[in-house]
Amino acid sequence: MDKAIFKTINSGQFILGENLENLENKIAKLVGVRYAVGVNSGTDALFLSMKALGIKKGDEVITTPFTFISTAEVIANCGAKPVFVDIDPQTYNIDPSKIERAITQKTKAIIPVHLYGQMADMASILKIAKRHRLKVVEDAAQAIGSKQKIKKRGGLAGSLGNLNCFSFFPTKNLGAYGDAGMVTTNNKQLAEKLISMRNHGSKRKYYYDFLGYSTRLDELQAAILLAKIPHIKSWNKKRREIATFYNKNLSQIAGLTVPQITRDNYHVFHQYTIRTKRRDELSRYLKKEGIPTTTYYPEPLHLQPAFKYLGYRKNAFPESERASREVISLPLYPELKGQDQIKVMDAIKSFFK
Ligand SMILES: *Cc1c(COP(=O)(O)O)cnc(C)c1O
């Protein structure tokens, strides 16, 4: 990584160079799509996807309220209306059985989020999208390398929607040393549009076909990601091993629910998230024991002041609200030592005793 960083600095090429091109090819191959377009962040990947699909004022886009702000923020920033649909309490992902009743004449797209590293039920979502002629944009920010068995098609995260988005925020399974993101697609026209759009609507320097944005994945971040990419599969595997250890030791505890892996899913455990009615108490106890935990996410988006104008009330999405009160993510990353895994497990056992 040091070598790659110095090589980039010495090359003098910091924006739109060969590192990015190599990275885009590697990600496209990893995800199993034809095109990958690097941008400045996962948020920008989502925003440009909305723009490239022509989402605008008067349109509605369906997503989950139990996600990071970006997913719904980009819909609103295009002038469109985010329409929330509650989650499945087993997976914390959008519940496909509730999507159709949220569709109106104005609905243009669905953004499923693969929360914590497990894919949303894409077979059902793609079927609904086809029936209603809606676009699908996967928010795969937390799910690089995860997959799902789907009838005819290969089911890797980031290969199933019209456009699909990854984040390389430092904490993600594949993390840069700063901000970075990418859009993946099999659609050549959309890929070309995104390539212009990320660079001021320009194909040729100082000539502009339309008004675009300034959001590129820079050469230093690309160099860092290129050095990390050969390890992503083994890192994900390590995450899964630690999750299996936690599952085995925590699943018998009354009052606590371990992550539920639905059939045909390859979960990459961006987060290992358990749920308990005693969440806040548990979090305080673990902190005292020197074990850091986080809640993703303590307040669902429909209750945030930023989305107050949408007019949603408390209890609009009971499963998302319950999850916000009950979930807590335990330490899990590829380098987490065996003795630290045992420490986490013992602390949780003693809390519930
Ligand atoms: C991290 C994340 C994003 C945003 O990615 P950034 O690179 O931080 O802009 C979007 N959606 C989800 C679900 C995320 O976890």
**Message:** Under a 3.5 Å cutoff, is there a donor and acceptor pairing between the side chains of Y35 and N187?
**Reply:** no
**Request:** Measure from the side-chain N and O atoms of K149 to the backbone N and O of G155, and report whether any donor-acceptor pair falls under 3.5 Å.
**Result:** no
**Message:** Could you tell me if the side chain of L330 sits less than 4.5 Å from the side chain of I348, heavy atoms only?
**Reply:** yes
**Item:** Spatial distance of atom CG (D44) from atom OG1 (T215) [nearest 0.5 Å]
**Value:** 3.5 Å
**Item:** Intermediate values then yes/no, salt bridge (charged side-chain N to carboxylate O under 4.0 Å, His left out), R322 and E326
**Value:** CA-CA 6 Å; R322 196 162 67 87; E326 296 182 359; 3.4 Å; yes
**Expected output: side-chain T91 to main-chain N93 donor-acceptor under 3.5 Å** = yes
**Asked** Does atom CZ of R313 have more than 12 heavy-atom neighbours from other groups under 6.0 Å away?
**Response** no
**Item:** Short side-chain to backbone donor-acceptor contact, S41 and A180, under 3.5 Å
**Value:** no
**Check: H270 main-chain N/O paired with Q142 side-chain donor or acceptor under 3.5 Å** = no
**Prompt:** For G255, does its backbone N or O pair with a side-chain atom of T276 as donor and acceptor, under 3.5 Å?
**Reply:** yes
**Whether F166 and F168 hold their rings parallel, tilted or perpendicular, with breakpoints at 30° and 60°** = parallel
**Request:** Could you tell me how the ring of H200 sits relative to the ring of Y208: parallel (under 30°), tilted (30 to 60°) or perpendicular (over 60°)?
**Result:** perpendicular
**Reported CG-to-CD distance for the pair N249 and Q341, which is rounded to 0.5 angstrom** = 9.5 Å
**Prompt:** Can T104 and E60 be counted as having a side-chain donor-acceptor contact under 3.5 angstrom?
**Reply:** yes
**Message:** Tell me whether S159 contacts the main-chain N or O of L156 through its side chain, where contact means a donor paired with an acceptor under 3.5 Å.
**Reply:** yes
**Asked** With no hydrogens and no angle check, is any side-chain donor or acceptor of D139 less than 3.5 Å from a backbone partner on V113?
**Response** no
**Message:** Surrounding CZ of F210 (heavy atoms of other residues, nucleotides or ligands, distance under 6.0 Å), is the total greater than 12?
**Reply:** yes
**Item:** Side-chain heavy-atom pair R239, N173 within 4.5 angstrom cut-off
**Value:** yes
**Request:** Using the six-membered ring of Y92, assess whether NZ or CZ of R275 lies under 6.0 Å from its centre and within 45 degrees of the ring axis.
**Result:** no
**Asked** For residues T244 and N247, is any side-chain donor paired with an opposing acceptor at under 3.5 Å?
**Response** no
**Message:** Could you tell me if the side chain of M182 sits less than 4.5 Å from the side chain of V37, heavy atoms only?
**Reply:** no
**Asked** Using 4.0 Å as the upper bound for N to carboxylate O, is an ion pair formed by K349 and D346?
**Response** no
**Prompt:** Atom CG in N236, atom OG in S146: separation rounded to 0.5 Å?
**Reply:** 8.0 Å
**Prompt:** Is the shortest heavy-atom distance from the side chain of C78 to the side chain of K57 under 4.5 Å?
**Reply:** no
**Request:** Ignoring hydrogens and angles, state whether a donor on the side chain of R34 or T185 is under 3.5 Å from an acceptor on the partner side chain.
**Result:** no
**Message:** Between V61 and I128, is there shared hydrophobic-cluster membership here, with clusters defined by ILVMFWY side-chain heavy atoms closer than 4.5 Å?
**Reply:** no
**Prompt:** Should the heavy atoms of other residues, nucleotides or ligands under 6.0 Å from CD of E21 be counted, would the total exceed 12?
**Reply:** no
**Request:** Please check if the side chain of D218 supplies one atom and the backbone of F14 the other of a donor-acceptor pair under 3.5 Å.
**Result:** no
**Message:** Any donor-acceptor pair under 3.5 Å linking the side-chain atoms of N265 with those of T262?
**Reply:** yes
**Request:** Flag the pair M345 / F245 as yes when at least one side-chain heavy-atom distance between them is below 4.5 Å, and no otherwise.
**Result:** yes
**Item:** Single-linkage hydrophobic cluster, 4.5 Å side-chain cutoff, L30 and L217 together
**Value:** yes
**Exceeds 12 heavy-atom contacts within 6.0 angstrom, atom NZ of K135** = no
**Prompt:** Does CD belonging to E100 count more than 12 external heavy atoms closer than 6.0 Å?
**Reply:** yes
**Asked** Would H114 and Q148 count as having a side-chain donor-acceptor pair, cut-off 3.5 Å?
**Response** no
**Prompt:** Do L336 and I232 share a hydrophobic cluster, counting only Ile, Leu, Val, Met, Phe, Trp and Tyr and linking them when any side-chain heavy atoms are less than 4.5 Å apart?
**Reply:** no
**Request:** Please say whether more than 12 non-hydrogen atoms of neighbouring residues, nucleotides or ligands are located less than 6.0 Å from NZ in K26.
**Result:** no
**Request:** Decide yes or no for I274 and L282: does some side-chain heavy atom of the first lie under 4.5 Å from some side-chain heavy atom of the second?
**Result:** yes
**Asked** Does a donor on one side chain and an acceptor on the other come within less than 3.5 Å for T63 and T71?
**Response** no
**Request:** Determine, step by step, whether K343 and D340 satisfy the salt bridge (charged side-chain N to carboxylate O under 4.0 Å, His left out) criterion, reporting the C-alpha distance in whole Å, the side-chain angles of both residues, the deciding distance to 0.1 Å, and the verdict.
**Result:** CA-CA 5 Å; K343 186 178 159 192; D340 290 330; 5.4 Å; no
**Request:** Please check if Y272 and L286 belong to a single hydrophobic cluster, counting links between Ile, Leu, Val, Met, Phe, Trp and Tyr side chain heavy atoms closer than 4.5 Å.
**Result:** yes
**Aromatic plane relationship, F84 with F307 - under 30° parallel, 30 to 60° tilted, over 60° perpendicular** = perpendicular
**Request:** Give the intermediate values and the outcome of salt bridge (charged side-chain N to carboxylate O under 4.0 Å, His left out) for residues K203 and E192.
**Result:** CA-CA 9 Å; K203 277 202 196 76; E192 283 173 354; over 6 Å; no
**Message:** Are there over 12 heavy-atom neighbours, none belonging to E335, within less than 6.0 Å of that residue's CD?
**Reply:** yes
**Message:** Can you confirm whether E241 sits close enough to K238 that some side-chain heavy atom of one is under 4.5 Å from a side-chain heavy atom of the other?
**Reply:** yes
**Point-to-point distance, once rounded to the nearest 0.5 Å, from CG of L332 to OH of Y116** = 13.5 Å
**Request:** Take the angle between the ring planes of F47 and Y213 and call it parallel below 30°, perpendicular above 60°, tilted in between.
**Result:** perpendicular
**Request:** State yes or no: do V33 and I229 share one hydrophobic cluster built from I, L, V, M, F, W and Y residues joined by side-chain heavy-atom distances below 4.5 Å, directly or via other members?
**Result:** yes
**Request:** Could you tell me the separation between the CD1 atom of I150 and the CE atom of M119, rounded to the nearest 0.5 Å?
**Result:** 6.0 Å
**Request:** Check whether any side-chain N or O of D59 sits under 3.5 Å from a backbone N or O of A80 as a donor-acceptor pair, and report yes or no.
**Result:** no
**Request:** Taking the side chain as every heavy atom from C-beta outward, state whether E321 and N315 have any pair of such atoms under 4.5 Å apart.
**Result:** yes
**Message:** I'd like to know if the side chain of E138 and the backbone of G161 have a donor-acceptor N/O pair within less than 3.5 Å.
**Reply:** yes
**Prompt:** So how far is it from I15 CD1 to N199 CG, rounded to the nearest 0.5 Å?
**Reply:** 9.0 Å
**Request:** Would you check if there is a donor-acceptor pair between the side chains of S350 and Y285 at a distance under 3.5 Å?
**Result:** yes
**Prompt:** Where do R198 and E24 land on the salt bridge (charged side-chain N to carboxylate O under 4.0 Å, His left out) test, with the steps shown first?
**Reply:** CA-CA 14 Å; R198 73 175 172 194; E24 288 173 337; 2.8 Å; yes
**Asked** How are the rings of H302 and Y312 set to each other: parallel, tilted or perpendicular (split at 30° and 60°)?
**Response** perpendicular
